[in-house]
Participant: 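One structure follows; several queries about it will come next.
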Amino acid sequence: MSSPCLFCRIINGEIPAKKLYEDDEVFAFWDISPQAPTHFLVIPKKHLSGPGAIAGEDEALIGKLIRIGAQLAKENGAEQCRLVMNNGAEAGQTVFHLHLHVLGGRTLSWPPG
Ligand code: 5GP
Ligand code: ZN
């Protein structure tokens, strides 16, 4: 049965995406609506609805997302970048499968809107 979760379906190959990286735990792909010259998403293959669903047993996995995000940014000309997770609709989360945004390639303002 196919998953109702968009990002689980991308991981499974049911929905196409421009893949940047994949291993047994992590998947990274270019954002469909980039907000910067470099904008990709790093997600765990394990379905977690968002940062609020991270359990102690996931800590190494979340650290790995950050390490891979920074490494991929460097490899794609955006060593200086912003790594961000939106947690909940009010914070801008629209897809409820945890994802790390990696944005770079331009000067980014702060605070975000
Ligand atoms: P959120 O707003 O939940 O933090 O981020 C979700 C991100 O997923 C958005 O930046 C949006 O552009 C991206 N996105 C939504 N649907 C798709 C899709 O089908 N393919 C890809 N590659 N990105 C998507
Ligand atoms: Zn999912």
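In this text, all values refer to a predicted model and were calculated from it rather than measured experimentally. Just so you know, ligand 1 is whichever comes first in the structure, and atom 1 is the first atom listed for that ligand.
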Participant: Counting distance only, does the side-chain N/O of Q93 pair as donor-acceptor with the main-chain N or O of V95 below 3.5 Å?
Facilitator: yes

Participant: For the side chain of N76 and the backbone of A73, is there at least one donor-acceptor N/O pair under 3.5 Å apart?
Facilitator: no

Participant: Take W30 and T38 through the test side chain to side chain contact (heavy atoms under 4.5 Å, CB included) and record every step on the way to the result.
Facilitator: CA-CA 8 Å; W30 294 102; T38 298; 4.0 Å; yes

Participant: Is the closest heavy atom of V95 to ligand 1 under 4.0 Å?
Facilitator: yes

Participant: Without swapping roles, check the side chain of R67 against the backbone of I62 for a donor-acceptor pair under 3.5 Å.
Facilitator: no

Participant: Looking only at protein heavy atoms, identify the closest one to atom 24 (C) of ligand 1 and say how far it is in Å.
Facilitator: I32 CG2, 3.4 Å

Participant: Could you find the nearest protein heavy atom to atom 2 (O) of ligand 1 and give me its residue, atom name and distance?
Facilitator: G92 O, 2.7 Å

Participant: Quick check: closest heavy atoms across G69 and F40, and the distance to 0.1 Å?
Facilitator: O-CZ, 3.6 Å

Participant: Supply the atom-to-atom distance I15 CD1 to L6 CG, rounded to the nearest 0.5 angstrom.
Facilitator: 5.0 Å

Participant: Relative to the ring of H39, is the ring of H101 parallel (under 30°), tilted (30 to 60°) or perpendicular (over 60°)?
Facilitator: tilted

Participant: Does F7 reach ligand 1, in the sense of a heavy atom lying below 4.0 Å from it?
Facilitator: yes

Participant: Specify which N/O/S atom of H47 comes nearest to the Zn ion (ligand 2), by atom name.
Facilitator: ND1

Participant: If you compare all heavy atoms of P51 against all heavy atoms of N87, which two are closest, and at what distance to 0.1 Å?
Facilitator: CD-OD1, 3.6 Å

Participant: Provide, to 0.1 Å, the distance between atom 16 (N) of ligand 1 and the closest protein heavy atom, together with that atom's residue and name.
Facilitator: L6 CD2, 3.4 Å

Participant: For atom 1 (P) of ligand 1, what is the nearest protein heavy atom, given as residue, atom name and distance?
Facilitator: H99 NE2, 3.1 Å

Participant: What protein heavy atom lies closest to atom 3 (O) of ligand 1? Include the residue and the distance to one decimal.
Facilitator: T94 N, 2.7 Å

Participant: Quick check: do L100 and I66 have side-chain heavy atoms less than 4.5 Å from each other?
Facilitator: yes

Participant: Suppose we call two aromatic rings close when their centres sit under 6.0 Å apart. Are H99 and H97 close by that rule?
Facilitator: no

Participant: If you measure every N/O of H39 against every N/O of ligand 1, is any gap under 3.5 Å?
Facilitator: no

Participant: With a heavy-atom distance limit of 4.0 Å, tell me whether A17 approaches ligand 1 through its side chain, its backbone, both, or neither.
Facilitator: neither

Participant: If we check side-chain contact (heavy atoms from CB on, under 4.5 Å) with V26, which of these qualifies: L65, I11, I43?
Facilitator: L65

Participant: Can you tell me the N, O or S atom of H97 that's nearest the Zn ion (ligand 2)?
Facilitator: ND1

Participant: Is the closest N or O pair between H101 and ligand 1 shorter than 3.5 Å?
Facilitator: yes

Participant: Tell me, which protein residue and heavy-atom name are nearest atom 22 (N) of ligand 1, and how many Å apart are they?
Facilitator: W30 O, 2.9 Å

Participant: Would you mind checking which non-hydrogen protein atom is closest to atom 12 (O) of ligand 1, with the distance to 0.1 Å?
Facilitator: D31 OD1, 2.5 Å

Participant: May I ask you to identify, for L41, whether its side chain, its backbone, both or neither come under 4.0 Å of ligand 1 on a heavy-atom basis?
Facilitator: side chain

Participant: Work out whether the distance between some heavy atom of K18 and some atom of ligand 1 is less than 4.0 Å.
Facilitator: no

Participant: Can you name the atoms of ligand 1, numbered from 1 with element, that are less than 4.0 Å from a heavy atom of S33?
Facilitator: 12 (O)

